[in-house]
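Values reported hereafter were calculated over all heavy atoms of this structure, with side chains retained and with hydrogens, waters and symmetry mates removed. Each chain gets a letter, A, B and so on, in the order the sequences are listed, and its residues count up from 1.
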There are 2 protein chains.
Amino acid sequence: MYFEDLEIGARREVGSFTFTAAAIKKFAAQFDPQRFHLDEEEGRKSLFGGLAASGWHVGSVCMKLLVTDGQRRAAEAAARGETIAVWGPSPGFRDLRWIRPVLAGDTLSYASEIASKRLSSSRPEWGIVEARNTGTNQRGELAFSLLATAFVPRRHPQAAP
Amino acid sequence: MYFEDLEIGARREVGSFTFTAAAIKKFAAQFDPQRFHLDEEEGRKSLFGGLAASGWHVGSVCMKLLVTDGQRRAAEAAARGETIAVWGPSPGFRDLRWIRPVLAGDTLSYASEIASKRLSSSRPEWGIVEARNTGTNQRGELAFSLLATAFVPRRHPQAAP
């Protein structure tokens, strides 16, 4: 997708992931070794009420699904003979929210929705797009949300005014 | 540390981590399988100029070092017979920036600095603290930054006004 192809409000589902106890503990041991991420009983005694996934795990799984969805769509576009837009690296994001605990056994369905788009004033070949990425659990409750920024190439770059 | 103990501008070093090629590829294969995170040659051909760590890897390592630093300090305080403040779960963060690529062989030193503090209006036993967490590479260049929010217990809670 080029900058011109992206419509504000356009939403796509990028996949789902079930957070097993084993996956939660494995990530936590490496990157977030707090007791409620490592042990069921400690999780039950905590504010989370159960073995809870690290927030960084919830975000990293979102990244994985966004990347593999993008790769799948790029392969499909290439198979149709279309030119593939190569997005730039992300400069970061803002407004990340861990809204509800993600407990062992929960399945999050992730989605991405275009929130804003504008031209880069310094680099006329690029647009800047913000996307609201979310994770919703099997009860339909929003558990995770962030507003990501990406540089997206323009299909027909013009000189900056 | 209780809410009252935290001073704006107070900074602590929480540890450093060297991003080896093996660690970069292992994280990327699980959570961010883009070519420049998985292969040296693809990294060299990319805007990063080398095998680059996933931004989520850079952030997850920051979390690991913050947690282990906190656990070490809590153990030291307990050994001195002090009461340990149990921080609440983080509701999220804002303004995450990936400022410079983190390439294979780079060592990031992470630090955390208190940026703001205020009382919770709805929960008088808690304060809300923002900390600017950063990762600086071996050349002294800022590579990673985020503004984290945490609920921190008050030492002497009073009724809300």
Side-chain angles (χ1 to χ4, degrees), chain A residues 17 23 26-38 43 45-49 52-72 74 86-102 126 143-151, chain B residues 17 23 26-38 43 45-49 52-72 74 86-102 126 143-151:
Chain A
F17 182 82
K26 183 180 170 195
F27 186 97
Q30 281 188 83
F31 296 114
D32 193 352
Q34 300 186 79
R35 55 199 163 71
F36 35 73
H37 299 322
L38 289 167
K45 290 191 303 189
S46 76
L47 285 174
F48 298 124
S54 165
W56 286 89
H57 191 188
V58 173
S60 295
V61 168
C62 181
M63 187 69 201
K64 167 67 173 289
L65 293 174
L66 285 166
V67 167
T68 51
D69 176 71
Q71 290 171 340
R72 190 166 47 232
V86 178
W87 289 31
S90 171
F93 55 79
R94 55 194 179 91
D95 191 27
L96 182 147
R97 295 182 224 165
W98 291 305
I99 299 155
R100 278 190 179 75
V102 176
W126 291 99
F144 170 75
S145 171
L146 73 78
L147 195 58
T149 307
F151 283 94
Chain B
F17 181 82
K26 184 181 170 195
F27 187 96
Q30 282 187 82
F31 296 116
D32 193 351
Q34 300 186 79
R35 56 198 163 72
F36 37 73
H37 299 324
L38 289 168
K45 291 190 301 188
S46 76
L47 285 173
F48 297 124
S54 166
W56 285 90
H57 191 188
V58 173
S60 294
V61 167
C62 182
M63 187 70 201
K64 168 68 172 287
L65 293 173
L66 285 166
V67 167
T68 51
D69 176 72
Q71 290 171 341
R72 189 167 46 236
V86 178
W87 289 31
S90 171
F93 55 80
R94 56 194 177 92
D95 191 27
L96 181 147
R97 296 182 224 164
W98 292 303
I99 299 155
R100 278 187 180 77
V102 177
W126 293 98
F144 170 75
S145 171
L146 73 78
L147 194 58
T149 307
F151 282 94

**Item:** Side-chain heavy-atom pair A/Pro33, A/Leu38 within 4.5 angstrom cut-off
**Value:** yes
**Asked** For the atom pair CD (A/Gln34) and CZ (A/Phe48), what is the distance rounded to the nearest 0.5 Å?
**Response** 7.5 Å
**Asked** Would you say the side-chain atoms of A/Ser90 pair up with the backbone N or O of A/Thr149, donor to acceptor, closer than 3.5 Å?
**Response** yes
**Request:** Apply side chain to side chain contact (heavy atoms under 4.5 Å, CB included) to A/His57 and B/Met63, showing your working.
**Result:** CA-CA 11 Å; A/His57 191 188; B/Met63 187 70 201; over 6 Å; no
With a 4.5 angstrom heavy-atom cut-off, is it the side chain or the backbone of [X] that approaches chain A, or both, or neither?
X	value
B/Ala148	neither
B/Phe27	side chain
B/Ser54	neither
B/Leu66	neither

**Prompt:** What option among B/Gln30, B/Lys64, B/Gln71 has the most heavy-atom pairs under 4.5 Å with chain A?
**Reply:** B/Lys64
**Item:** Top contributor to chain A interface from B/Pro89, B/Ser46, B/Cys62 [non-hydrogen pairs under 4.5 Å]
**Value:** B/Pro89
**Asked** Under a 4.5 Å heavy-atom cutoff, which of A/Gly55, A/Gly88, A/Gly59 has the most pairs with chain B?
**Response** A/Gly59
So what's closer than 4.5 Å to chain B heavy atoms on [X]: side chain, backbone, both or neither?
X	value
A/Val61	both
A/Leu146	side chain
A/Thr68	side chain

**Heavy-atom contacts under 4.5 Å, residues 92-101 of chain A to chain B** = A/Gly92, A/Phe93, A/Arg94, A/Asp95, A/Leu96, A/Arg97, A/Trp98
